[in-house]
A.B. asks: 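Before we start, here is the structure in question, set down as structure tokens.
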Amino acid sequence: MIRCFLVINNFGKPRLIKFYERLSNEERQKAIEDAYRLVSKRLDDLCNFVEDDNLFGGDSQLIYRHFATLYFIVICDKAESELGILDLIQVYVETLDKSFENVCELDIIFNQQKAGLILDQMITGGLVLETNSQEIVTKYKELERSMKQQEKESSNKNAGGTTGSYNKSPRAF
Amino acid sequence: MASAGGYRGLHNFINEIRQCNSKEAERARIDKELANIRTKFKSDRGLSSYEKKKYIWKLLYIYVLGYDVEFGHMEAVALISSTKFSEKQVGYIAASVLLHENLEFVRLVINTMQKDLLSRDENYQCMALTAIANMGGREFAEALSGEVLKLLISSSTRNVVRKKAALCVLRLFRRNPDIISHETFALKMGNLLQERDLGVLLSSMSLLCGVVAVDSRGYEVVIPKVVAVLERVAKGIDIPQDYTYYGIPSPWLHVKALRALHYFPVIENDGVWTKLQEILRRTISSAPIDKNTNKNNALHAILFESISLMMHLNMDSEVLTQCVTLLGKFVSIKEPNIRYLGLENMSRLSLVPEMMTTIKAHQEQIQLSLNDPDISIRRRALDLLYRMCDAQNSHEIVDQLLSYLTTADFAIREELALKIAILSERFASSLQWYVDVIISLIDKAGDHVSDQVWYRVVQIVTNNEALQSHAAANVLRKLQDGSSHETMLKLSSYILGEFGQLLQGSTREIFHLLKDRLGSATAPTKGLILSAFAKILVRSPEDTEIADSIKEIFKRYGSIPDAELQQRSVEYAVLSGKKEATEVMSLMPKFPERESSLVKLMSPESNEASLPIARGRNVDRDAEALPSATQSNDLLDLDDAIENTVPVVPLTPEEPAKAGQSDPLDLLAGLSVTEEAPAAAPPAASGNNAADPFGGYSDLTVGNSSGGSGLTPQLAGGSLEDWHSKLCVSNKGVLYQDQYLQIGVKADYQKAQGRIMLFLGNKHTAELSNVVLSIPPIPAYRIQLGSVPTSIAAQAQVQVPVAVSCVEASLDAPKLQVVYHVQGEAAKLDLQMPVIPTKFFAPVANVDTNSFFTMWKSIPDAPLKLQQIAQTTNALDMARTQGLVSAAGLTVAQGIDPSPSNVVGVGAFNCESSGETVVMLRLEIDPRSYKQYRITVASNNALLTSSTKEFLVKELNR
């Protein structure tokens, strides 16, 4: 079972966190720090698996991928296939890429809801729900449509205002 | 580009946070925002839907940044109940993050969730399912499992909902296995696995894995269906393009299906078995290495899982050999992931004895991996080398590990040192080799070698004359090379003092080498060096220059503050002038031969291998002192056996007889005897079979026609006390086991209530009949025992629920009496329930220093505040101590005690008579030894204080 899915940037700032076990804030922060500590000192040409006896109360493995400025980290129990999880991270990133067009860290910072909802289409309760990237995108768009539709119906004054924008770095991963 | 979900305020907020230059600035900005949101939520002016959502998103952003968000529950709950889709969506997301422990709100949400599950809108259903699965609380399992199961099974459920329902059921099942009944669910599972949609199949397969992982019995009917799915993905039949990953039909489903089969002990249906074998053979024979990393990964994921399954199903050794050859290729491959997994899987295959020869062919390559730049790979290689070590390759592997020790990461040195110690002892081809290895080990990793190991070297060298000059020369060389580790120094002082004169003409050098290190040595080591000097002085009186220097040293140490060293020096000085000196300082007598505790720990699996040491040529072997070691302890508990560091040399001429008794090796052997006693003989024991707790009832078997072999339950795999004490700190485990019956326990405690599930498993081939369970009432607990089936069929398991309410704190624990009959003969067990006051401790969040001390001071002395000074055999380092304290149910409070070696803990004890009582603990650990400590426990209930203290002392001394 997947215990948590973390997206942390090169400086250790969490960008997306999803825990599938009930933990206190301290325990969560410790897991995030531990995960970052373990992956950040690893060079990119090493393997994508890390073991640490103290991680998440033991009996856990950490599987990660590093893309440009972000680490995508999964901590799971030993019943998951290491490579399967690695592939899952790849599918998530590819799906984000489809939904954001050249996704970069800023997209995730400013659209945590979206990144989180997409993840929810892939992993539910710590288990892989869907791996079909197309299906995930379609499902998300459907959700977005339903949300927008009602937003319009309620014709809220505030919603009409101009929303900000951010300058995307040209470098995507 | 529009962003932040279209919320301008959120966007600005994120921007502001990003502009904060320091952690403090960020904190200040966030505190301000939290205050703002709190006011907004509290204000009487109702918030608009837009505002509510905006603030919740802000809270979630703050949550991701790592801040504790402790409010907003009510708003989240309100949003979930909204009829608007977008509000509900936000509400559910907020709920799964915020609502973790708050039961009251969880109850409020459950109602709405129930409605959403029944909704005709699949989006609503999905949202509720996702939230339930992600939160996965026990309350959900109770209230909602019925609806979720209906969604999973109903024919009208759409696929998108069904797949979520499958994962949701699994999550709830893990919380409460009773939600599905084994008899009926297997068939439903079979139907689900005939689904065409690959998304639903994947979820169903995950569900199956989760269910059969707990107990696969009764689910054999699904095996053909799983194999059919396997065939479909393996051969790529009817796989939509979208479900291929780099051209490979859903590797996840493939892997899951393989994993599911892993949980069945055998596959009985011949047709299915043939088909499965064919699929597996195809997988390993067609393992290509592709250029695309992602494709490569997916192929290997399937391959590794297939290998693992083949091993589990015991396929013929020809196929397994093929697997090892394949893995051998991977081990030398450049791609690090594959190399890592190659090593890992080879380790697993090494459990199959026939595979050893093939694995050993790759030894060189595996050794190379010890120097891989990647620590993950180094760890795997180390693990594999350890497992593949045997009498033939032990020299090479141990040498390799020794040379690796110098460069190994600090994190794994301790483990490495232990592995070297074990391997060299287990596969010692000669004592000389063993002694050399251990001396090198101490030299290179003295910090990680327990005293026990060097005592062992001393014992062996003393008892084997042929080794004495060799060992002396060896340690001398180490000192010449500059070795000055404390443990090395202790060993050298002893060996050189005893046998230094065997090295002709080295006395002077020995003296100077030891003298140079005397000043910086610790007191116990100084003592050993002084003893070595005394021996040199007495045995080589002709060298007056050295004699004078030694006398000078004795004089100097004769007036230092350390009483022990002072006494020693004075006595040695006086002794050296007397004529009895040569006699007193003559060679130490041989040690009585003891079986090494290292070997003893290993003995169940390595009796033959450890022979060279156990069969030392000594005659005065004391057989009675050596009960055959039957228990296999955790290897890492090596230190347990030694209580104190005791000087190995006779201290004063007046008490030469005592020398033997203070010998630590003696202590060692003595301890293993006492260790044995409580483990094997529970209080009820009588008769000559000490392991039989039912001695008192054995007369029941007299009438048995089959002779003396009547019903004598033999404890299997542990002792009553062990099981009980493990369960005192864990909520899951074995309570009792003999050859007929196993009793497992799974418990869950909430405040003053506990729910215990007893799992009675019949291990026998016949029925266990007239099963009776009873728990005699005691005042401290109210206990309700669920219904107990009168018989348990062969190989079956029944569950008996027990509800416990804690009425008051008490030192008494409830007893569980079990009676069962095998073929008319009765066995009666008297067990202790693992129900103790600490089980009713709830964690305490945020203990602040002020309130802690106010309360601490307000509690008067005994009996409310109890203190005890005690010693442990196992060092109480911070991590271990905190682990023990939290395992006992107390929350470790950081930053309250200024001393870093002390531990403070708080727990909230719940019982019906007095509600919540706070228990406080302070542990002061002697920072020099980490073995002596003072424990203080305080609470407003004397019984609670004393039971908590007793329990902790027991745990700490373990």
Side-chain angles (χ1 to χ4, degrees), chain A residues 13-17 20 22-25 28-29 32 42-43 45-51 79 81-84 86-88 90-91 109-114 116-117 120 124-135 139 143 146-147 150-151 154 156 158-159 161-166 168, chain B residues 1-8 11-12 14-15 48-50 57 60-61 64-66 68 84-86 89 93 100-101 123 130 133-134 136 160 163-164 167-168 170-171 199 202-203 206 242-243 245 250-252 255 259 294 297-298 300-301 304-305 336-337 339-341 373-374 376-377 379:
Chain A
K13 270 240 178 268
R15 291 310 185 197
L16 183 74
I17 58 174
Y20 299 99
R22 290 192 184 192
L23 294 180
S24 71
N25 194 39
R28 281 197 303 268
Q29 296 319 312
I32 294 171
R42 293 176 64 81
L43 300 171
D45 56 352
L46 302 181
C47 75
N48 299 92
F49 317 118
V50 189
E51 280 174 80
S81 152
E82 291 96 337
L83 290 170
L86 208 54
D87 293 342
L88 187 72
Q90 178 70 19
V91 171
I109 297 174
F110 284 99
N111 297 284
Q112 262 175 20
Q113 315 90 301
K114 187 169 171 182
L117 281 172
D120 278 347
T124 293
L127 290 157
V128 182
L129 172 72
E130 185 55 75
T131 56
N132 173 350
S133 173
Q134 201 48 53
E135 163 92 17
K139 188 76 198 128
L143 275 179
S146 320
M147 275 161 86
Q150 284 197 338
E151 214 69 65
S154 66
N156 195 298
N158 292 315
T162 46
T163 52
S165 65
Y166 52 87
K168 238 170 115 153
Chain B
M1 182 186 185
S3 66
Y7 299 95
R8 190 175 43 175
H11 184 95
N12 292 342
I14 295 175
N15 263 335
S48 72
S49 161
Y50 171 84
W57 284 127
L60 291 176
Y61 186 78
V64 170
L65 289 177
D68 218 352
K84 279 190 204 146
F85 180 78
S86 60
Q89 176 86 37
I93 292 171
H100 274 178
E101 291 303 339
N123 279 330
T130 308
N134 285 348
V160 54
K163 62 187 183 190
K164 285 208 162 154
L167 296 184
C168 204
L170 175 55
R171 189 65 197 259
L202 177 61
S203 297
S206 295
D242 285 343
Y243 278 98
Y245 176 79
S250 184
W252 295 277
V255 166
R259 184 59 61 111
N294 294 321
N297 275 349
H300 283 93
F304 285 129
E305 201 62 46
N337 285 340
R339 200 161 63 234
Y340 173 91
L341 293 169
D374 188 344
S376 299
I377 291 180
R379 271 173 187 266

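In what follows, chains carry the letters A, B, and so on, assigned in the order in which the sequence lines appear, proteins first and then strands, with residues in each chain numbered from 1. Just so you know, these numbers use all the heavy atoms, side chains as well, and skip hydrogens, waters and symmetry mates.
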A.B. asks: Using salt bridge (charged side-chain N to carboxylate O under 4.0 Å, His left out) as the criterion, list what pairs up with A:D87, not counting sequence neighbours.
C.D. replies: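 Result, salt bridge (charged side-chain N to carboxylate O under 4.0 Å, His left out) vs A:D87: none returned.
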A.B. asks: Please classify the contact between B:L60 and chain A as side chain, backbone, both or neither, with a heavy-atom cut-off of under 4.5 Å.
C.D. replies: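 Only the backbone of B:L60 comes within 4.5 Å of chain A.
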A.B. asks: On a heavy-atom basis, which atom in A:G125 and which in B:N134 lie closest, and how many Å separate them?
C.D. replies: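 It is N-OD1, 2.8 Å.
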A.B. asks: What part of B:F304 gets within 4.5 angstrom of chain A, counting heavy atoms only: side chain, backbone, both, or neither?
C.D. replies: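 Only the side chain of B:F304 comes within 4.5 Å of chain A.
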A.B. asks: With under 30° as parallel and over 60° as perpendicular, where do the rings of B:H11 and A:F110 fit, or are they tilted in between?
C.D. replies: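 It falls in the parallel class, under 30°.
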A.B. asks: What's the spacing between A:I109 CD1 and B:I14 CD1 if we round to 0.5 Å?
C.D. replies: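 So the gap between those two atoms works out to 8.0 Å.
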A.B. asks: Under a 4.5 Å heavy-atom cut-off, does chain B meet the side chain of A:L143, its backbone, both or neither?
C.D. replies: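 Both parts, backbone and side chain.
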A.B. asks: Using heavy-atom distances under 4.5 Å, tell me whether B:V64 contacts chain A through its side chain, its backbone, both, or neither.
C.D. replies: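 When you check distances to chain A, atoms from both the backbone and side chain of B:V64 fall under 4.5 Å.
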A.B. asks: Carefully, step by step, assess A:Q113 and B:I93 under the rule side chain to side chain contact (heavy atoms under 4.5 Å, CB included).
C.D. replies: CA-CA 9 Å; A:Q113 315 90 301; B:I93 292 171; 5.7 Å; no
A.B. asks: At a heavy-atom separation under 4.5 Å, does B:N297 approach chain A through its side chain, its backbone, both, or neither?
C.D. replies: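 Contact with chain A is through both the backbone and side chain of B:N297.
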A.B. asks: Quick check for you: to the nearest 0.5 Å, what is the distance between B:Y245 atom OH and A:L88 atom CG?
C.D. replies: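 Output value for this atom pair is 9.0 Å.
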A.B. asks: For chain B, which candidate among A:L43, A:V128, A:L86, A:I17 shows the most heavy-atom pairs at distances under 4.5 Å?
C.D. replies: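 That would be A:I17.
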A.B. asks: Under 3.5 Å, is there a donor-acceptor pair between the side chain of B:D374 and the main chain of A:C47?
C.D. replies: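 Yes; at least one donor-acceptor contact below 3.5 Å.
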A.B. asks: Examine whether an atom of A:K114 lies under 4.5 Å from a heavy atom of chain B, and if so say whether it belongs to the side chain, the backbone or both; otherwise answer neither.
C.D. replies: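 Contact with chain B involves no heavy atom of A:K114 at all.
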A.B. asks: Is a side-chain N or O of B:D242 found less than 3.5 angstrom from the main chain of A:N132, in a donor-acceptor match?
C.D. replies: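 No; judged by distance alone, with no hydrogens or angles, the pair does not exist.
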A.B. asks: Please name all residues satisfying ring-ring contact (aromatic ring centres under 6.0 Å, His included) with A:Y20, sequence neighbours left out, ordered by chain then number.
C.D. replies: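 ring-ring contact (aromatic ring centres under 6.0 Å, His included) list for A:Y20, sorted by chain: empty.
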A.B. asks: So how far is it from A:R15 CZ to B:L65 CG, rounded to the nearest 0.5 Å?
C.D. replies: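 Going from CZ on A:R15 over to CG on B:L65, the span is 7.0 Å.
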A.B. asks: Working note: A:E130 + B:Y243, criterion side chain to side chain contact (heavy atoms under 4.5 Å, CB included); need CA distance, chi angles, decisive distance, verdict.
C.D. replies: CA-CA 9 Å; A:E130 185 55 75; B:Y243 278 98; 2.8 Å; yes
A.B. asks: Would you mind telling me which of A:S133, A:S24, A:G84 has the largest number of heavy-atom pairs within less than 4.5 Å of chain B?
C.D. replies: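 Answer, by heavy-atom pair count under 4.5 Å with chain B: A:G84.
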A.B. asks: Kindly compute the distance separating OG1 (B:T130) from CG (A:L117), expressed to the nearest 0.5 Å.
C.D. replies: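 If I round to the nearest 0.5 Å, the distance is 9.0 Å.
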A.B. asks: Which one, A:R42, A:E135, A:K139, leads in non-hydrogen pairs under 4.5 Å with chain B?
C.D. replies: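 The candidate making the most pairs under 4.5 Å is A:R42.
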A.B. asks: Could you give the distance from CG (A:L127) to NZ (B:K163), rounded to the nearest 0.5 Å?
C.D. replies: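 With rounding to 0.5 Å, CG (A:L127) is 14.0 Å from NZ (B:K163).
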A.B. asks: Can you tell me which portion of A:Q134 sits under 4.5 Å from chain B's heavy atoms? Options are side chain, backbone, both or neither.
C.D. replies: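 Contact with chain B: side chain only.
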A.B. asks: Over all heavy atoms of both residues, which pair between B:K164 and A:D120 is shortest? Give the atoms and the distance, please.
C.D. replies: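 Taking B:K164 first and A:D120 second, the nearest heavy atoms are NZ-O, 4.3 Å.
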